K.L.:
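Have a look at this one.
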Amino acid sequence: MKQDAKYPRTAGPRAVNFLKKSTFAAAVAASTNIFKTPVYGQNQAPAPGSVIGANNRLIVAYIGTGGQGMTHVRTQKAGAAANNIVQAAACDSFRNRQQDAAKEIGAGCDLFKDYEKMLERKDIDAVTIATVDHWHCKTTLAALDAGKHVYVEKPMTRYLGEAFDVYDKVTAPRKSFKSARKAVPRRLAKVG
């Protein structure tokens with residue numbers, strides 16, 4: 001088949017000139033702020049991964065608000081804005097400790113004496129457990145059953161059988177779990 005003289009297959013001077021000009025124009029536009037849209041009064045648009053909204057907000061509750069539990073309350077309160085968390089509830093069997101947690105957290109903190117009632121709340125995403133040692137396993141299993149993410153102070157459990165119970169529960173629903181220290185053998189520490 002003969003090549004049509006009207007439409008040559010090679011790029012002529014007009015096409016090359018067009019490509020040079022359009023590439024230069026694109027480079028100039030990219031180097032200036034012509035297409036960047038400010039958001040929320042910023043001078044440049046945020047990266048898509050850095051926009052934090054209500055769907056990313058983590059609602060946290062505390063089981064055990066004694067010495068170590070209040071340390072968690074204070075630490076998380078200090079980083080609440082940066083980490084986009086809301087401290088929603090506190091549970092302790094002693095009324096004075098409940099009141100201390102409510103003062104530290106502020107308005108909107110619900111107080112509970114029974115951790116199982118607190119775990120019934122569907123809006124709570126995660127719990128921090130800092131109870132007496134022999135309650136760690138029981139409260140951890142209850143929180144995992146309720147579908148919550150868990151941080152538990154050391155020791156995670158007192159007996160190996162309890163550690164296996166926690167391991168089985170954590171691997172089943174694929175919830176996030178963190179123990180304060182390596183309280184279980186290394187082969188159990190690789191959960192999730």
Side-chain angles (χ1 to χ4, degrees), residues 52 54-192:
I52 298 175
N55 290 339
N56 300 12
R57 188 166 294 126
L58 189 64
I59 301 183
V60 181
Y62 304 91
I63 302 174
T65 55
Q68 191 63 31
M70 285 303 291
T71 300
H72 292 300
V73 169
R74 287 185 201 100
T75 303
Q76 290 182 6
K77 182 178 181 180
N83 296 317
N84 201 22
I85 69 165
V86 175
Q87 297 172 305
C91 175
D92 202 286
S93 56
F94 295 110
R95 188 75 181 148
N96 290 344
R97 289 183 179 170
Q98 290 177 4
Q99 295 302 326
D100 291 344
K103 285 179 198 171
E104 187 67 36
I105 294 171
C109 175
D110 293 334
L111 302 176
F112 294 87
K113 189 170 188 161
D114 181 7
Y115 70 90
E116 291 170 332
K117 294 266 190 231
M118 184 181 75
L119 292 175
E120 290 175 1
R121 284 186 48 176
K122 300 292 183 201
D123 64 326
I124 294 174
D125 300 312
V127 294
T128 298
I129 300 172
T131 60
V132 293
D133 293 351
H134 61 276
W135 276 63
H136 286 184
C137 181
K138 184 177 182 178
T139 53
T140 296
L141 292 174
L144 291 170
D145 281 337
K148 312 300 183 202
H149 299 282
V150 176
Y151 175 88
V152 63
E153 271 298 321
K154 67 176 181 69
M156 179 183 76
T157 63
R158 294 182 302 154
Y159 306 108
L160 187 58
E162 292 177 340
F164 283 120
D165 290 343
V166 171
Y167 176 82
D168 291 341
K169 193 69 69 173
V170 168
T171 55
R174 303 306 254 171
K175 284 294 179 181
S176 174
F177 176 82
K178 176 75 173 150
S179 179
R181 298 276 174 131
K182 291 181 182 171
V184 294
R186 286 183 187 226
R187 66 185 175 87
L188 293 179
K190 295 181 180 177
V191 174

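What you are looking at is a predicted structure, and each value in this text was computed from that prediction instead of being measured. Because only heavy atoms are used, hydrogens play no part in the values below, and waters and symmetry mates are left out as well, while side chains stay in.
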K.L.:
Decide yes or no on side chain to side chain contact (heavy atoms under 4.5 Å, CB included) for Ile63 and Thr128, but give the supporting numbers first.
P.N.:
CA-CA 6 Å; Ile63 302 174; Thr128 298; over 6 Å; no

K.L.:
Report yes if some heavy atom in the side chain of Ile124 is under 4.5 Å from a heavy atom in the side chain of Leu119; otherwise report no.
P.N.:
no

K.L.:
Measure the spacing between SG of Cys137 and CZ of Arg158 and express it to the nearest 0.5 Å.
P.N.:
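Those atoms lie 9.0 Å apart.
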
K.L.:
What's the separation between atom CG in Asp165 and atom OG1 in Thr140, rounded to the nearest 0.5 Å?
P.N.:
11.5 Å

K.L.:
Can you tell me how far CG of Asp123 sits from CD1 of Ile59, rounded to the nearest 0.5 angstrom?
P.N.:
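Between atom CD1 of Ile59 and atom CG of Asp123 there are 5.0 Å.
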
K.L.:
Walk me through whether Leu58 and Asn84 qualify under side chain to side chain contact (heavy atoms under 4.5 Å, CB included).
P.N.:
CA-CA 6 Å; Leu58 189 64; Asn84 201 22; over 6 Å; no

K.L.:
Scan residues 77-96 for pairs that pass ring pair (Phe, Tyr, Trp, His ring centres under 6.0 Å), counting only residues two or more places apart or in two chains.
P.N.:
none

K.L.:
Are Lys154 and Asp133 packed together at the side-chain level, in the sense that at least one heavy-atom pair is separated by less than 4.5 angstrom?
P.N.:
no

K.L.:
Under 4.5 Å between any side-chain heavy atoms of Asp110 and Arg121, yes or no?
P.N.:
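When only atoms from C-beta onward are counted, Arg121 and Asp110 do touch, with a gap below 4.5 Å.
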
K.L.:
Between Arg57 and Asp125, does any NZ, NE, NH1 or NH2 come within less than 4.0 Å of an OD or OE carboxylate oxygen?
P.N.:
no

K.L.:
Using 0.5 Å steps for rounding, measure from the NZ atom of Lys138 to the CD atom of Glu116.
P.N.:
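Rounded to the nearest 0.5 Å, the NZ-CD separation comes to 6.5 Å.
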
K.L.:
Of all heavy-atom pairs between Ala90 and Cys109, which one has the smallest distance, and what is that distance?
P.N.:
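Minimum heavy-atom contact is N-SG, 4.1 Å.
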
K.L.:
Kindly indicate, with the supporting measurements, whether the criterion side chain to side chain contact (heavy atoms under 4.5 Å, CB included) is fulfilled by Val166 and Leu141.
P.N.:
CA-CA 6 Å; Val166 171; Leu141 292 174; 4.0 Å; yes

K.L.:
Can you tell me how far apart SG (Cys91) and CD (Gln98) are? Round to the nearest 0.5 Å.
P.N.:
7.0 Å

K.L.:
I need the full list of ring pair (Phe, Tyr, Trp, His ring centres under 6.0 Å) pairs touching residues 108-142, with sequence neighbours left out, sorted by first then second residue.
P.N.:
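Sorted pair list: Tyr115-Trp135.
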
K.L.:
Output a table of donor-acceptor pairs, distance under 3.5 Å, between side-chain atoms of residues 65-80 and any protein atom two or more places apart or on a different chain; print 'none' if there are none.
P.N.:
from  : atom 1 : to     : atom 2 : distance (Å)
Thr65 : OG1    : Asp92  : OD2    : 3.4
Thr65 : OG1    : Arg97  : O      : 3.3
Thr71 : OG1    : Gly67  : O      : 3.0
His72 : NE2    : Glu153 : OE2    : 2.7
Thr75 : OG1    : Thr71  : O      : 2.8
Gln76 : OE1    : Tyr62  : OH     : 2.6
Lys77 : NZ     : Glu104 : O      : 2.4

